[in-house]
Novice: 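Structure provided below as structure tokens; questions to follow.
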Amino acid sequence: MQTPSSTGADCVIVINCGSSSLKLAVLPAEGETVLLKGLAERLGGPDATLTVEKDGETTVTSIPSASHHEALQATVRSMDGLTPRGIGHRVVHGGEEFTASALIDDGVMEAVERCASLAPLHNPANLTGIRTARSLFPGLPQVAVFDTAFHQTLPPKAFHYAIPHSYYEDLKVRRYGFHGTSHHYVSLEAARMLGKRAEETSLITLHIGNGCSGCAIRDGRSVDTTMGLTPSEGLVMGTRSGDVDPALHQFLQDQTGMRLGEITAMLNSRSGLLGLSGLSNDMRTLSDAARNGHQRAALAIEVFCYRLAKSTAGLMAALERIDAVVFTGGIGENSAEIRAATAAHLAIFGIHLDDAKNSAHANLISSTNSRIPCLVVPTNEELMIARETLRLTS
Ligand code: ADP
């Protein structure tokens, strides 16, 4: 394997490791075009597969029972001719330990492990990715980029829950927020589009994909966000309910005999757009169905847009002025209908979209008489992780 001392290190590897999956992207050290993409799925199982996209070609290989190590090794074999300068890892939870990306050493590994109680499904998998990459590329610098780090600038009034303070002191129960890499990236892009310096730009960024969150950014820093201790809080999402009455758990347990774990699973994986519509968590499917008269698909979309608008209005309380509302994520970037329905609820703030620009997914989609500009900014978390990796390894 090559090391940074090799001449001509010309790319960065970005890894997003899940419990049974591994996503990898290779980006050039200069430029933005992804050179190679790898996706290993169902790792450890008999039907594990590896999909590699390179030079416009996609190959799918069966890798039965392959481990993360074997999957990464197989993907890296396709990198012939490319020499990595560093490896960037998406790490979900950095707790209060990480306010920025970090060059990985044993101390960082231990700290990520300490945060695992806050993200028991994600951080251990992220650590597996780091260990695997370290064993395949010994000596190559590696960087952890945290979903939570961008939100560590939230002031206490935004991050505290109104519960006994001892839960914060003893267990670090507080709002952390997620999608930080995406909110940060689109805020930098939006500042560039607006011709302003990031540290002078105040925005509301709406990351709406399968997972959804909003963020209030004041002078380039996150000052409030809709996700909380976990990614379950806040907006309606593909399969997550977002905010519910905290007494709902007790009510359901009393009425149905469901156990706490079952209720949490229902709120995470059978709720949101899927639960409301009874049809799908996919916005494209729901939009088509609603157009064809599916009433619950229409209801799911209405609830989704209303709650998104309501949270956007709430996030405005964190700002002194606002330069733009920014839509991003699979839905935010691609659905003119959802943007229009959400903006319609925000007319009281003087927000108005230009139908033609909105339908064309232009960067600036608000009308000339809109008091607040609205932008569509495609997110690129891999590029942001690659940039952070280069920044910390150069
Ligand atoms: P993830 O959060 O898993 O990264 P994405 O950001 O890719 O997800 O967003 C997935 C969502 O984006 C799905 O609900 C999908 O239906 C929606 N989406 C993608 N393209 C469109 C489109 N053209 N119109 C409406 N929704 C879309």
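Given the structure is predicted, the values throughout are model-derived calculations rather than measurements. Counting starts at 1 for both ligands and their atoms, following the listed order.
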Novice: Can you sort out the partners of H68 under ring pair (Phe, Tyr, Trp, His ring centres under 6.0 Å), two or more places apart, ordered by chain and number?
Specialist: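 H68: no ring pair (Phe, Tyr, Trp, His ring centres under 6.0 Å) contacts found.
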Novice: Please examine the side chains of T51 and T59, heavy atoms only from C-beta on, and report whether any two atoms are closer than 4.5 Å.
Specialist: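 The answer is no; the side chains never approach within 4.5 Å.
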Novice: Just to be sure I understand the cut-off, which residues have at least one non-hydrogen atom under 4.0 angstrom from an atom of ligand 1?
Specialist: G209, N210, G211, N281, D282, M283, R284, G329, G330, I331, N334, S335
Novice: Salt bridge check: are D243 and K310 linked by an N-O gap of less than 4.0 Å?
Specialist: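 Salt bridge absent between D243 and K310.
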Novice: Sequence neighbours left out, cut at 3.5 Å: what donor-acceptor pairs do the side chains of residues 339-353 make with other protein atoms?
Specialist:
| from | atom 1 | to | atom 2 | distance (Å) |
| --- | --- | --- | --- | --- |
| R339 | NE | N358 | OD1 | 2.7 |
| R339 | NH1 | G332 | O | 2.9 |
| R339 | NH1 | E333 | O | 3.2 |
| R339 | NH2 | N358 | O | 2.8 |
| R339 | NH2 | N358 | OD1 | 3.0 |
| R339 | NH2 | H361 | ND1 | 2.9 |
| T342 | OG1 | I338 | O | 2.7 |

Novice: When you check the side-chain N and O atoms of S280 and D282, is any donor under 3.5 Å from an acceptor?
Specialist: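 No pair is found: no donor N or O on one side chain lies under 3.5 Å from an acceptor on the other.
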Novice: If you group Ile, Leu, Val, Met, Phe, Trp and Tyr whenever their side-chain heavy atoms sit less than 4.5 Å apart, what else falls in with I104?
Specialist: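 Other cluster members: V91, F98, V108, M109, V112, L127, I130, F146.
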